2 protein chains.
Amino acid sequence: MSVSDGDGQSGKRGASICRIIVTEDDDAVRERFVRLIADWDGGELVAESATLSDTLAAIRESEIDLLITDLNLPDGNGIEAIKALGVIQPHAEAMVISVLADDRTVLDSIEAGASGYLLKDADPVDLVEAINDLMAGRSPISSRIARVLVKRLAERAERAAEDKDAPKMTPREMDILWGIAKGLTSDELAASLGISRQTIPVHIRNIYRKLQVSNRSEAVFEATRQGIIRL
Amino acid sequence: MSVSDGDGQSGKRGASICRIIVTEDDDAVRERFVRLIADWDGGELVAESATLSDTLAAIRESEIDLLITDLNLPDGNGIEAIKALGVIQPHAEAMVISVLADDRTVLDSIEAGASGYLLKDADPVDLVEAINDLMAGRSPISSRIARVLVKRLAERAERAAEDKDAPKMTPREMDILWGIAKGLTSDELAASLGISRQTIPVHIRNIYRKLQVSNRSEAVFEATRQGIIRL
DNA sequence: AGCTCAATACCAAGAACTGGGTATGGGCAA
DNA sequence: TTGCCCATACCCAGTTCTTGGTATTGAGCT
């Protein structure tokens, strides 16, 4: 199946040719990639490299649209190249092609700025389709890798679900809570909500009771910890 | 191309046949899915449904391994079915097949517990490969959908990077900061740190200056927001 | 109709916090 | 060594918070 939804050559780079760097220390694999790009009329290979330092040099010296990189490089980690690319040429995309699939590596790559991540395994990778995906603002990602992302996003939701037994604040109490988090005094709070300054302490006491705290700073801390206040 | 890395029928459900529910309100599309599953020898169709309520009933009444669902249902949102599945049959997997690709919908689906998300577009979807992926603990995800997940994970990293220019607190100031977050008064703080109560306000003022705030609750809020205090 | 609860408003006393000073010693870097 | 900064300590005046009351209105539920 094609997990990618294809719409061909269309891309956010418009009609311009995609300038590419390929970094891969295995000569055979790299040559295969290079040939695929050469046979394709939508991209131009700006540089090919087998080491991190060569790649970093190429990123500094040439304008590119796409970095395709392995992670295990003889002189370092491809993630460094992705980070450098994000700093020097923020407009460019980055894609990982690696055998690594552990959570830490995958998440580090994505957080470093990789938009695509293909697993280098039995299946021969259709590089051109992946490049088209990237240039069209999509993210070609192997299903094993995607699982890591899904797991990560789902576990955040689980934590939020645990917070569901958090005390329920009334709308007014939420106003007050945000106010004290922002450091407003009772007077400022009253003014900003258009109510009497005498009413503020009542709400605050109710908040204290619900959060089982006894002053403003502890309330802010607890409310944040319980996810009632999201940053 | 196959973005999925295939290893065929192997799955974490072992040799057992995969029990499936298909929910899709478009009769033609649903029939196509049903036929694909019928022609495949690795799965058994437990139920097919065109509505949310039928699906919820099926989830309650039948043991299943996989829910394949559309989101736009005549009587509600398929995400509800995914949530129900997570509660009633937590062992089961869920996959979305929808035309929707907006961030909110995608993230809600994943957070509800969907492990796969295929976009219903021009490309005919290879359902069987997607099911194999899911049963093997991988996540078949269209590249347009994957982009949403990548974006979300990357923006969290960006925020963490911004935190690096957070003001540096001295060890003592960190003690004080934690103390006020826990709601201690100056006296309690002095006692717990074994220093004079007169010294506390000095540290607090320094903290205020560094965080550019003017009271305890705002300090707790800012310190939390900037990652100086981790929950 | 009666009940509960959120939201509103007011008063007052005592505790806690804030912001303005000043000063000493210790450690670390230029 | 000098200078800077952290940590310590003290004083004080003014402001704000906390906590104890009481009470009215309207929304929602039984």
Side-chain angles (χ1 to χ4, degrees), chain A residues 160 163-231, chain B residues 76 163-231:
Chain A
D163 293 343
K164 77 173 184 300
D165 52 59
K168 302 151 207 77
M169 296 291 159
T170 68
R172 226 11 164 202
E173 285 163 356
M174 286 304 297
D175 295 339
I176 308 283
L177 207 39
W178 274 106
I180 65 181
K182 284 192 279 193
L184 303 184
T185 68
S186 294
D187 279 3
E188 292 168 331
L189 218 31
S192 84
L193 295 177
I195 62 181
S196 157
R197 67 198 56 189
Q198 318 294 345
T199 304
I200 305 298
V202 181
H203 292 302
I204 292 185
R205 262 178 302 186
N206 290 332
I207 292 171
Y208 289 174
R209 187 172 34 74
K210 291 184 185 179
L211 293 177
Q212 298 189 282
V213 300
S214 55
N215 58 48
R216 293 179 174 215
S217 31
E218 196 182 1
V220 171
F221 182 67
E222 267 304 306
T224 308
R225 204 181 59 73
Q226 298 189 16
I228 299 170
I229 288 181
R230 292 249 175 254
L231 312 181
Chain B
D163 290 345
K164 76 175 187 300
D165 51 52
K168 302 154 206 73
M169 295 292 158
T170 69
R172 227 7 164 203
E173 285 163 355
M174 286 303 296
D175 295 338
I176 307 283
L177 208 39
W178 274 107
I180 65 182
K182 286 191 278 191
L184 303 183
T185 67
S186 293
D187 280 4
E188 292 168 331
L189 218 32
S192 85
L193 295 177
I195 60 182
S196 157
R197 68 198 55 192
Q198 319 292 347
T199 305
I200 305 298
V202 180
H203 291 302
I204 292 185
R205 275 201 297 263
N206 290 333
I207 292 171
Y208 288 174
R209 186 171 35 73
K210 291 185 184 176
L211 292 177
Q212 296 189 281
V213 299
S214 56
N215 58 46
R216 293 180 174 214
S217 29
E218 196 182 0
V220 171
F221 181 68
E222 265 304 306
T224 308
R225 203 181 60 73
Q226 298 190 14
I228 298 170
I229 288 183
R230 294 249 173 252
L231 310 181

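Please read all numbers here as calculations on a predicted model, not as lab measurements. Residue numbers begin at 1 in each chain, while the letters A, B, ... track the order of the sequences.
Side-chain contact between B:Arg225 and A:Thr224: absent, with no pair of heavy atoms (C-beta onward) separated by less than 4.5 Å. Considering only heavy atoms from C-beta on, B:Lys210 comes within 4.5 Å of B:Thr170 through its side chain.
Looking at residues 186-196 of chain B, you'll see B:Ser186 sit with a heavy atom under 4.0 Å from some atom of DNA chain C.
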Kindly list each side-chain donor-acceptor pair under 3.5 angstrom involving residues 199-206 of chain A, sequence neighbours excluded, with atom names and distances?
residue: A:Asn206; atom: OD1; partner: A:Arg209; partner atom: NH2; Å: 3.0
residue: A:Asn206; atom: ND2; partner: A:Val202; partner atom: O; Å: 3.4

Quiz: residues 187-195 of chain A side-chain donor-acceptor pairs under 3.5 angstrom, not counting sequence neighbours:
residue: A:Glu188; atom: OE1; partner: A:Thr185; partner atom: N; Å: 2.8
residue: A:Ser192; atom: OG; partner: A:Leu189; partner atom: O; Å: 3.2

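Listed candidates were C:dG19, C:dT8, C:dA6. Nearest to the side chain of A:His203 is C:dT8. Of the listed nucleotides (D:dA9, D:dT18, C:dA16), D:dA9 has the atom at the smallest distance from the side chain of B:Gln198. Of the candidate nucleotides D:dT19, C:dC11, D:dT8, D:dT8 has the atom lying nearest to any side-chain atom of B:Arg172.
Partners of A:Ala219 under the side chain to side chain contact (heavy atoms under 4.5 Å, CB included) rule, at least two apart in sequence or in another chain, are A:Ile180, A:Tyr208, A:Leu211, A:Val213. Here B:Glu218 pairs with nothing under the salt bridge (Lys or Arg N to Asp or Glu O under 4.0 Å) rule; sequence neighbours left out.
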Can you tabulate the close N/O pairs, meaning under 3.5 Å, that link protein atoms to atoms of nucleotides 20-30 of chain D?
residue: D:dG20; atom: N7; partner: A:Arg205; partner atom: NH1; Å: 2.5

Show the distances under 3.5 angstrom between N or O atoms of the protein and N or O atoms of nucleotides 28-30 of chain C.
none

